[in-house]
Each structure stands twice: as structure tokens, then as C-alpha cells.
Amino acid sequence: MAHDATHAHDAIPAHDGHGQPGGIMRWLTTTNHKDIGSLYLWFAGTMFLVAGSFALVIRAELFQPGLQVVHPDFFNQMTTLHGLIMVFGVIMPAWAGFANWQIPLMIGAPDMAFPRMNNWGFWLLPVAGFLLLLGLFMPGGAAAGGWTMYPPLFVQGGISYDLTIFAIHILGASSIMGSINIITTVLNMRAPGMTLMKMPLFVWTWLITAYLLIATVPVLAGAVTMLLTDRHFDTHFFNPAGGGDPVMFQHIFWFFGHPEVYILILPAFGVVSQIIPTFARKPLFGYASMVYATASIAILSFIVWAHHMFTVGMPAAAQLFFMYSTMLIAVPTGVKVFNWVATMWKGSMTFETPMLFAIAFVCLFTIGGFSGLVCAMTPVDIQIHDTYYVVAHFHYVLVSGALFAIIAGVYYWLPKWTGHMYDEKLGKLHFWLSVISMNVTFFPMHFLGLAGMPRRYADYALQFAEFNMIASIGAFIFGFSQLIFLAVIIKAIRGGRKASDQVWEGAQGLEWTVPSPAPYHTFETAPVVK
Amino acid sequence: MASQTGGYYLPAPSHWPIVGSVALALMALGATFMMNGLGGGWVLWLGLAVLALMLFGWFGTVIGESVSGKHNKQVDQSFRWGMSWFIFSEVMFFGAFFGALFYMRVLAVPWLGSGDTMEQLWRGYTATWPTAGPGLAADGYKFTPMGAWGIPAINTLLLLTSGATVTWAHWGLKKSKRGQLILGLFLTVALGLSFLGLQAYEYVHAYRELGLTLGAGAYGATFFMLTGFHGFHVTVGTLMLIVILGRSIKGHFTAEHHFGFEGVAWYWHFVDVVWLGLFIFVYWLV
Ligand code: HEM
Ligand SMILES: [Cu+2]
């Protein structure tokens, strides 16, 4: 340790890559925001393949009625792990990866505010992923209580349920550290002249996302801690015999859970707000209203949680309150959609892959928003709650919403990260296959849900057979299309047409003023923003 | 607020974070195996030891950097933001348990006493707080709630006084009066330790004489989880106070540059405020 300290002393004054350990130690010990950003993104990509293959197990089983591929209990493990890993192991780490790479570049900072804590925030994720997946090899298999972890089921399960609870704790610690780092970086490390209302929207959306994370993740930690003590330490938080209530878990969980879905989507709003102006060659329409809309979505997201619980038997006044507050969120969301469309209006648009994904985002996310409004109406939701309609809703906002924005962002900034243009032909192929198969997979789920097919079952009545078959075919095409994405990324890392500094003709902002690939250290002396 | 970025201290690569990750992995595995009766207690302790090593090494490094003058104004400002948001996250963590307390007291327990179904299940349950719940009551479970005006009131006084002594120490630091700084911190640590001692005594009393345990239904669960997590935070806060007491004796702090001190003081005040909430809602208003 003493040795290490002196070693650090040598390396610091130079402020550059000297004294950098090589090989695996570089990645284990790195304090560089670009290294850490890449780690986050690769982790998210890997977990995407893992959780994606779980989804294909689900769709294989649901290809036909009856039980043919897996045991129902294993099916439930797959839905649980698919949900948990996609939310906590794919979308959130991917956004953290973008934040790490882009925020310092976009605000002209030399790095993140707390580089060592930044490293820890990442290296907690593999631990949590390991604990989650370890459950598969435990007696009784992985946790099978759903990603929402409701008691009493989650109190009754076996050893892997404890592993899941600890995984959530560790993921929470990671999120809180990452968020503290992002907020501090944005508030304290901006280049001179970069006032708050000049910040790129991606930075704004992440600032607000980080606030949501710090406000809600500790609440989730509290909720799973109560699960743990109910499981092992004789408390009765969720047991009516002791004066507790299983519904209380749902309240606490969704107090976290609804802001969480905005945590997943706000950075997507940010990325799309960067991409559309670039390829429409016009400044973003209504910048200030975008900022205010983001903030109001964040505030409202704290008072709508019980729209996930319309069937638990709440008092009518509460049902009404949560119905109206939920519908209110559609207003700022509508402002955003309007602004994106208005930005494109009369723009000189070109349709490179990032723009294609961004446009698909605007259209398909809006479908998800509308189905959300349908769910928000209490009398309607009492019919469709826990059916495939809800599954359709949240996959429109999460797959064609959050995930498409992640993909769009990767295409958009890949030339800046690697220094090479990606293969536009393969990119377009990836886009068309994804956008078509995504709709083939999830659109029929609306019909299934309206017809009454419940979610989270390994089997179903014969009348649902056709739409399920169509959905499964779409899912397999979607899944395998993502291998093209992987190929495009690897190809761009290996080589390709040299990217210019600005990369895209219409691109504006500090990140396009540094060379491509962005050097290991950027903005060591702050740029001045006018 | 946007300020110069030149000269912002960026640390070299560090192995402490990954050591911390190993520690948490060991702790999670050890605890899981232990709770499921598979042994593994030693894995948990090993994890804790590695975590302690990591905290020592990491904070030691940061202190070294601070003392050698690497932290300029802007870095100091980062620490301030970081600590504030960390405390906010802690507030929300306690919020979850306060939320559970209010939900059970105001909603869940009265519902249990009024529902028709409950009339069938647990007839004659009088849903008044404090309660161990209808099922436990039907089984004859009895406990005495913790009174507010014995130890808890003394503990309130101890913590409030400790908030004053730490502020007095801060005044000493700002006026470069070393004696006042060290005495103030010493008193704060002593008050914190006394609080913990009394709290431990209260727990023993609750388990031995009052029948008040973690298993005492809604009241027992919220009582011990809230006061337990608070006690844990007092423990951490006291350890942090001991560290800055040591640093004060070594002369690490100057009147202008002492965020290490202030961060701990903020944390201590936060723990104090949480206690006031506990005193009112857990002890007093029963
Ligand atoms: C206009 C905006 C939105 C509205 C009005 C809305 C409304 C709703 C409602 C009422 C439900 C509960 C349905 C039920 O369980 O019966 C729901 C579920 C869900 N929503 Fe949304 N939503 C919106 C946007 C989003 C966004 C942006 C995301 C994520 C990016 C999202 C993710 C989810 C998820 C994951 C669930 C299901 C959770 C579960 O039960 O597993 N929603 N939504
Ligand atoms: Cu929601």
C-alpha cells in the first residue's frame, strides 16, 4: 500500500497515461471516464445477450400452447431474470456508460468528479450480475418471483431469493455512486461559459435522472431489506398476522418503480434530442421547454406509483388521484414528442442509421405512451392489468424506446469513440430487421392482452395460439438481428473509413471539437463556451 | 458555478475499488449461506475484514492527497456536493422505513381491525397501536412498548448536546483554537459512545424484560429496524468522529481547509435529526 501511494505520487503530476498498469489491471484499476464508459457499455452488451437469450427461452415455450420446452418453474425463473437483468444489468448500465463517455466531453470537463468512485460504481455490477446468475445453480433454481419481487412469494422462496436481494443492494450502491458522481460533475465541472441552460439536453436529462436515482434507489434498498428480515429475522412487515401488509411492499416498490421507468427513459429523451437536430440540420425546437418538460416528468413521477396497483383494492379516492396524476404525465411527454417533430419540420434531413433509430423511437415510443394512457384509466386497467397488454405497453417504451435510443446513441457516437465510421449498409440492415421484428413481436401482445391472456404463465388457452406464434417468430428474428449490431461495432473498432472530428455535418457541441477517436485525456485545460 | 477545470486533481489508477467489490461479494455470499444454515459465517467475516482494509486504504490515500495539498477549491466543492447528495440518499433510505411505520399505523392495522374478512379470521382483534398484529395477539403474544421518558429521553439529550459540542469544535477550528477543537470532538465522541451504550442496554432490556423483539409484529419490526439502522449510523458516525479527532490531533485541519471535518459534522447532524424523528414517532406518540 505504501508502495502504491508513492507510485501514485509519481504518476499524478504528469496527468496523463504514464504509470498506467497494463493488461487486465488497466481495466480493474482505471480511473479514466472513457475506460469506465467502455466497461459499462460492454457489460451492458454482454448482459443484453444473456437476458435476451432468456427471453428466447420464454418465447420458445410460448410458441405453442401446452408445455414443451421448459418446466413451468424454470419458465418463471426466466421471466424474473429477464426482467431484472434487462432493467438493472442492461439499460441502466448502458446509460451509465453513455454518461461516462459523453458528459465530460459535452461539458468540457477533464474527467468525472470522483474518478475512483466511478471505478467502483462499475465494478460492483459484475458482482451483482454474478449473484443473480448464481441463483440458477442453487438448489431450487434462480428466483422465480418476478422482477417486482412481491411478497408473499418472494418471502417464501429459497436461497437464490437472498442472492437476488443482495444483488439489488449492490446494484443500488452502484447506482447511487454513479449518480452522485454525475450530479457533482455536472454541477461543478462545467467549462467556463457552459451555463445550465446551454448544456446539451443529454446532460440535462442525465442530471435529472441522477436525482431520481438518488431519491428512489435507497427506497428500493429499504423495501428489499424488509423482505430479507421477513424471510430470516422474524419481522412481519408484509404479514397481516403481525399487523403488516403485502400490499405495503407494492407501495414501497412502486414508489421506486415508477420513477425507475423514467430513469430508464429520460436519458433516451436526451440522446434523441441530440440526434434529431444533427440530422435535421436545425437547432432543437423548444430547448427550454424540453428542460422544463423533463423536470416536470421527474416531479410527477413521484406521485403516480399506484397506477401499478389498481386491482389491489385501494379506496376509490386513491384510485382517482393516481389515475389523474398519471394522465397528467402525458402532457410534458407530449411536449417532447411535439418538439422532436417540430425540429424535423422543414429540416434538410438525411437518414443515417442513428437518425433512423431516433425516428423509430419517436413513432414507437409514442405508441407505448398511448398504451400507457390506456392502462392509466382505472376501469380499463382493472381489465387489462397483469395481461399481455401491459407487456406490450412496457416493451414499446423499453425496447423501441430506451433500447432503440441506446442503439441510436451507439451509432451516433461510435465514430467519436473508435475513430472509424461504422458500416452504414449493415447498420441499415440492422435497423430494418429490428424495427420490423420488434413490431411483429410486441404488437400482437396488445390483442392477446385485450383478449385476456395473463402474463407470466408458461401455458395458455388455444384461442391465443396464432398471435403467440407470430410473436415468437418476431422475437427470434429480433434476437438474432442484434448479432449484426455486434458485428458492426467490432468492425468499426477494427477499422473502417477514418472519421473526421465533426463526424456528422450537422453536429454541434464540444464533443465534436476533439479528434476522433477522442484522446485518452480531453479538456485538461477547459474550453471556453461562448 | 462553472469554474476553471485546470488543476482539478485526477487520481491515478487505484486497486481499492476492486478490493471493495471483492469484499461485498464475500459478504453477500457469506451472509446468504449463513442465513440458510449452510455455514459460511467465516466468509462474511472475511468480507468485512477486506471491506475494513479497503476503507482504511482508500480513505488513507485520500487523506494523504488532502494533506499534500492536491485538493484545490474545486475539488473541495465536489466533496461538498458529493457528501450532500449522499446524505440525501440516506434520508430516503430512512424514508422507506418511516413510510412503513406510517403505513402500518395509519392504514394496515386499522384495516385489520375493521374488515369483514378479519372478523372471520381474527375475531375481536382491537386494532390499536402499539400492536403485534392480530395473528400474534390471537396466539397470546404479549409485549410492553418502550416508554419515551426513560432512556430514550436521555439519549435525545445526549445527541442534541453532541450536536452542540461538534459545532463548538468547529468554531474552535475556524478560530484556530486547537484546544477547543480537540476537546469539542472528544466530548462529541464520548456522547456518541454513551448514546450507543444506553441503546444497547435498552435493547437488552426490551428482549429480556419487555418481550419486545424483532418478532413482535408491526411494532417490534418498525421499532428495531428504525432504531437499529439509526444505531448503526451512530456507530459509523462515531467512527468517523474518532478519525477526525485523530486527524485534528495530528494537525491536519486548517481554518480554511477542513472539509474532512465538515463532512463528518454534517453526517452527525443528519443522524441527530433522524433521531428526533424516531423519538417523536417511535417512542413518544404511542
Ligand atoms: C405516458 C407515459 C406512461 C404512462 C401513462 C404509463 C402508464 C402505465 C400504467 C398505468 C402501467 C400499469 C399497468 C398495469 O400493470 O396494469 C404501466 C406499466 C408499466 N410501464 Fe408505463 N406508462 C408510461 C410510460 C412508461 C415508460 C416511459 C416506461 C419505461 C421506459 C414504462 C414502463 C412500464 C413498465 C415496465 C410497466 C410494467 C411494470 C410491471 O408490472 O412489470 N412506462 N405503465
Ligand atoms: Cu408506472
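The basis for the numbers below is simple: all heavy atoms, side chains too, and nothing from hydrogens, waters or symmetry mates. Proteins come first, then strands; the chains are lettered A, B, ... in the order of their sequence lines, and each starts at number 1.
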Original post:
For Met199(A), is it the side chain, the backbone, both, or neither that has a heavy atom closer than 4.5 Å to a heavy atom of chain B?
Top reply: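 Looking at Met199(A), nothing touches chain B.
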With a 4.5 angstrom heavy-atom cut-off, is it the side chain or the backbone of [X] that approaches chain A, or both, or neither?
X: Leu112(B); value: side chain
X: Phe229(B); value: side chain
X: Ala100(B); value: both
X: Ser84(B); value: neither
X: Met34(B); value: neither
X: Met35(B); value: both
X: Leu107(B); value: neither

**OP:** Taking Tyr103(B) for its side chain and Phe249(A) for its backbone only, find out whether a donor-acceptor pair lies under 3.5 Å.
**Re:**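 A pair under 3.5 Å: no.
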Subject >> Minimum heavy-atom distance between Ile170(A) and Ala28(B), given as atom pair plus value >> reply: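 Heavy atoms only, the tightest pair is CD1-CB, 4.4 Å.
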Subject >> Minimum-distance pair of heavy atoms, taken over all atoms of Gly82(B) and Thr184(A) >> reply: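 Scanning both residues completely, I find the closest heavy atoms to be N-OG1, 3.8 Å.
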Taking distance alone, no hydrogens or angles, what donor-acceptor pairs closer than 3.5 Å link side-chain atoms of residues 125-134 of chain A to residues at least two apart or in another chain?
none

Tabulate below the donor-acceptor pairs under 3.5 Å that side-chain atoms of residues 209-228 of chain A make, not counting sequence neighbours, or state none.
from, atom 1, to, atom 2, distance (Å)
Thr209(A), OG1, Thr205(A), O, 2.7
Thr216(A), OG1, Leu212(A), O, 2.9
Thr225(A), OG1, His169(A), NE2, 2.9
Thr225(A), OG1, Ala221(A), O, 2.5

